[in-house]
Amino acid sequence: MDNEYKNNFNKIHYDRINLTVPKGAKAELKTFAVAKGMSVNEYIWNVIQKNMHTNERLNTFDISSRRYVGSKRSLLPFIKSALKGIRFSSFADLFAGTGVVADSFNNRKRIVTNDILYSNYICHYAWFGEKEYDEKKVRDILLQYNSLIVSEENYATEHYADRYFSHENAAKIGYVRADIERLKVAGTVNKREYAMLLMSLLYAVQRADISRTIGHFMTYLKHPKKDGQLQLRLPLVPSADTNRGNRCYNRDALDLIKILPPVDVLYLDPPYQRQYGEYYHVLESIALWNQEPTFGTTKRIATPKSPFSAKATATEAFAELIRLCQNKGKYILVSYNNDPRNNIQSIDVMSILSQAGKTRVYTVDYPAFHGSKQVADNKERLFFCKIRD
């Protein structure tokens with residue numbers, strides 16, 4: 001994009017506001033924004049939007065407002081530092097999870113996201129989809145949902161009440177989810193608006209005062225301290241113009257890479273140990289809303305299985321993925337820590353990547369948790385591979 005085109009684009013799509021801050025505050029603001037994975041301008045606008053919408057009686061949330069096992073939110077500066085000095089215009093995250101890594105490059109690069117869980121994919125489409133949306137329509141629907149008092153029984157009360165949620169919240173979850181589907185079938189909302197509504201519900205049910213869990217659904221708290229009242233919030237999603245050219249997929253990474261058009265950077269953050277469907281089966285059930293039978297004390301449904309989440313298949317799957325990536329990009333960036341219990345060992349990650357091209361390793365101390373115990377000597381690693389021509 002040349003400077004003349006960029007200047008004309010900015011003139012059409014943006015207004016300029018000069019901001020004066022106390023001496024020394026500029027550097028402090030920049031440091032804080034970088035820690036959030038944003039530019040100073042993005043951070044200021046994010047705060048302004050939150051305050052504007054809060055005044056309209058509807059709270060807001062951004063992409064990082066979610067509890068998620070293995071989230072890279074606090075590692076964004078580390079990840080971005082590994083790509084410093086590298087010129088690229090497209091970025092693909094094949095195990096995107098919450099999408100925070102892809103989001104840190106959105107608006108400047110063409111973004112591709114993928115996740116095997118539908119509950120993650122639908123959130124990605126809300127954040128990164130290029131379809132236009134009517135924010136007022138979405139806001140009005142969310143305000144209407146927040147005013148509801150629901151007592152009728154439904155799928156959510158049958159399977160999740162007095163386990164993961166209070167009976168009152170489960171009833172509301174089931175009613176709202178069914179109504180979101182009704183709006184979609186009736187053509188009242190388009191796909192992006194549907195994704196925004198559904199994502200608002202998924203983020204809301206994970207809030208600490210709603211979900212009787214420690215952040216995931218492998219277990220539940222039998223004696224919760226307090227149940228809050230389910231309230232949906234407005235997602236601060238980027239505009240269609242910002243997301244132009246982005247693509248979102250819901251596939252196994254090994255299947256997607258075979259059909260994926262070339263991108264400059266392929267970022268891989270495969271599961272280190274367990275199947276993510278085991279952690280988030282309740283979210284997957286709510287997102288799909290096919291009202292499948294549940295099983296076990298945790299009321300699970302059948303969820304997709306990834307070969308990267310099983311020790312017997314993970315190394316072979318990773319080797320095959322890297323082999324296929326060699327014809328799809330210029331650089332491969334892999335996140336993987338040093339936990340000896342991981343499905344793939346760091347020495348194997350390095351060996352496999354080195355066959356694809358020159359590989360460097362970056363390491364940072366990053367305390368991890370297993371249950372309630374902190375692992376102090378945990379190190380997060382980034383393997384950066386320049387694919388051999």
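Criterion: ILVMFWY side-chain heavy atoms under 4.5 Å apart, direct or through other members. Under it, Leu83 and Leu266 are not part of a common hydrophobic cluster. Val265 and Leu324 are members of different hydrophobic clusters when ILVMFWY side chains are connected at heavy-atom separations under 4.5 Å. Side-chain heavy atoms closer than 4.5 Å link hydrophobic residues (I, L, V, M, F, W, Y) into clusters, and following such links, possibly through other members, connects Val334 to Leu254. Cluster annotation: Ile180 and Tyr121 are assigned to the same hydrophobic cluster (Ile/Leu/Val/Met/Phe/Trp/Tyr, side-chain heavy-atom contacts under 4.5 Å, transitive). In this structure, Ile332 is not a member of the same hydrophobic cluster as Val101, with clusters built from ILVMFWY side-chain heavy atoms closer than 4.5 Å.
With hydrogens and angles left out, the side-chain atoms of Glu292 and His159 include no donor and acceptor closer than 3.5 Å. Residues Asn120 and Tyr68 bring a donor and an acceptor atom of their side chains to less than 3.5 Å of each other. For the 3.5 Å distance criterion, the side chains of Arg341 and Gln273 fail to qualify, holding no donor opposite an acceptor. In this structure, a donor-acceptor pair under 3.5 Å is present between the side chains of Glu284 and Ser119. Side-chain N/O atoms of Asp241 and Ser239 include no donor and acceptor closer than 3.5 Å.
Using a 4.5 Å heavy-atom cutoff, the side chains of Cys325 and Ile257 are in contact. For the pair Cys248/Trp127, no side-chain contact is recorded, criterion being any heavy-atom separation below 4.5 Å from C-beta on. Looking at Leu94 and Leu260, their side chains come closer than 4.5 Å, going by heavy atoms from C-beta outward. Between Arg110 and Ser89, every side-chain heavy-atom pair lies at or beyond the 4.5 Å cut-off. Side-chain contact between Pro238 and Phe128 is absent, with no heavy atoms from C-beta onward closer than 4.5 Å. Between Asn190 and Lys131, the closest side-chain pair of non-hydrogen atoms falls below 4.5 Å. When side chains are defined from C-beta on, Tyr203 counts as touching Ile63, because their heavy atoms get closer than 4.5 Å. Using a 4.5 Å cut-off on side-chain heavy atoms (C-beta onward), Phe308 and Phe318 make contact.
Listed here is the closest heavy atom pair of Val100 and Ser71: CG2-OG, 4.3 Å. Considering every non-hydrogen atom in both Leu198 and Ile286, the closest pair reads CD1-O, 4.3 Å. Across all their heavy atoms, Lys172 and Asn146 have their closest contact at NZ-O, 3.3 Å. Closest approach of Ala314 and Asn343 over heavy atoms only: CB-CB, 3.5 Å. Nearest heavy-atom pair, Ile116 versus Asn250, reported as atom, atom and distance to 0.1 Å: O-ND2, 3.2 Å. In plain terms, the two heavy atoms of Ser166 and Asp227 that are nearest each other are CB-OD2, 3.7 Å.
Atom CD of residue Glu168 and atom OG1 of residue Thr157 lie 12.5 Å apart, to the nearest 0.5 angstrom. Within the model, atoms OH of Tyr194 and CE of Met199 stand 13.0 Å from one another, a figure rounded to the nearest 0.5 Å. Atom CD1 of Ile344 and atom CD1 of Ile352 lie 6.5 Å apart (nearest 0.5 Å). Here Tyr145 contributes atom OH and Leu232 contributes atom CG; the two are 8.5 Å apart, rounded to the nearest 0.5 Å. The structure places CZ of Arg177 at 12.5 Å from CZ of Arg182, a figure rounded to the nearest 0.5 Å. Rounding to the nearest 0.5 Å gives a distance of 10.5 Å between CD1 of Ile122 and CG of Leu197.
Taking the centre and axis of the six-membered ring of Phe91, the NZ or CZ atom of Lys109 falls outside the cone set by 45° and 6.0 Å.
With hydrogens and angles disregarded, no donor-acceptor distance shorter than 3.5 Å links the side chain of Ser211 to the backbone of Ala208. Tyr164 contributes a side-chain N or O that, together with a main-chain N or O of Thr298, makes up a donor-acceptor pair within less than 3.5 Å. The backbone N or O of Gly357 lies less than 3.5 Å from a partner atom in the side chain of Thr359, making a donor-acceptor pair. Side-chain atoms of Arg108 come within 3.5 Å of backbone N or O of Ser104 as a donor-acceptor pair. A donor-acceptor contact shorter than 3.5 Å links the side chain of Asp115 to the backbone of Gly97. In this structure, the side chain of Glu152 does not engage the main chain of Ala171 through any donor-acceptor pair within 3.5 Å. Formation of a donor-acceptor pair under 3.5 Å by the Thr294 side chain with backbone atoms of Lys299 is not found in this model.
Counting only residues at least two apart or in different chains, salt bridge (Lys or Arg N to Asp or Glu O under 4.0 Å) contacts with residues 348-359 are absent. Applying the salt bridge (Lys or Arg N to Asp or Glu O under 4.0 Å) test to residues at least two apart or on different chains, none of the pairs has a partner in residues 302-318. Here salt bridge (Lys or Arg N to Asp or Glu O under 4.0 Å) pairs that include residues 190-208, with residues two or more places apart or in two chains, are Lys137-Glu193, Arg207-Asp209. Annotation: salt bridge (Lys or Arg N to Asp or Glu O under 4.0 Å) contacts involving residues 264-278, sequence neighbours excluded, comprise Lys72-Asp269, Asp264-Lys330, Arg274-Glu278.
In Ile259, the CD1 atom is crowded: over 12 heavy atoms of neighbouring residues, nucleotides or ligands sit closer than 6.0 Å. For CZ of Arg244, the number of neighbouring non-hydrogen atoms (other residues, nucleotides, ligands) closer than 6.0 Å is greater than 12. The local environment of OH in Tyr175 is sparse, with at most 12 non-hydrogen atoms from other residues, nucleotides or ligands closer than 6.0 Å.
In this structure, the ring of Phe78 has its center no less than 6.0 angstrom from the ring center of Tyr366. When ring centroids are compared, Phe95 and Tyr267 stay outside the 6.0 Å threshold.
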#### Entry: Derivation of the side-chain hydrogen bond (donor to acceptor under 3.5 Å, both in side chains) call for Asn378 and Asp339
CA-CA 7 Å; Asn378 185 75; Asp339 193 323; over 6 Å; no
### Message
Quick one, Thr303 with Tyr280, criterion side-chain hydrogen bond (donor to acceptor under 3.5 Å, both in side chains). Give me CA distance, side-chain angles, the key distance, then yes/no.
### Response
CA-CA 9 Å; Thr303 52; Tyr280 300 109; over 6 Å; no
### Task
Assess whether side-chain hydrogen bond (donor to acceptor under 3.5 Å, both in side chains) is satisfied between Asp93 and Asn114, documenting all intermediate values.
CA-CA 6 Å; Asp93 188 346; Asn114 176 65; over 6 Å; no
What pairs of donor and acceptor atoms, side-chain ones from residues 379-389 against any protein atom, are under 3.5 angstrom apart with sequence neighbours left out?
unit_1	atom_1	unit_2	atom_2	d
Lys379	NZ	Asp365	OD1	2.5
Glu380	OE2	Tyr272	OH	2.6
Arg381	NH1	Ser346	OG	3.0
Arg388	NH1	Gln355	O	2.9
Arg388	NH2	Ser354	O	3.3

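Residues passing the ring pair (Phe, Tyr, Trp, His ring centres under 6.0 Å) test with Tyr279, sequence neighbours excluded: His216, Tyr276.
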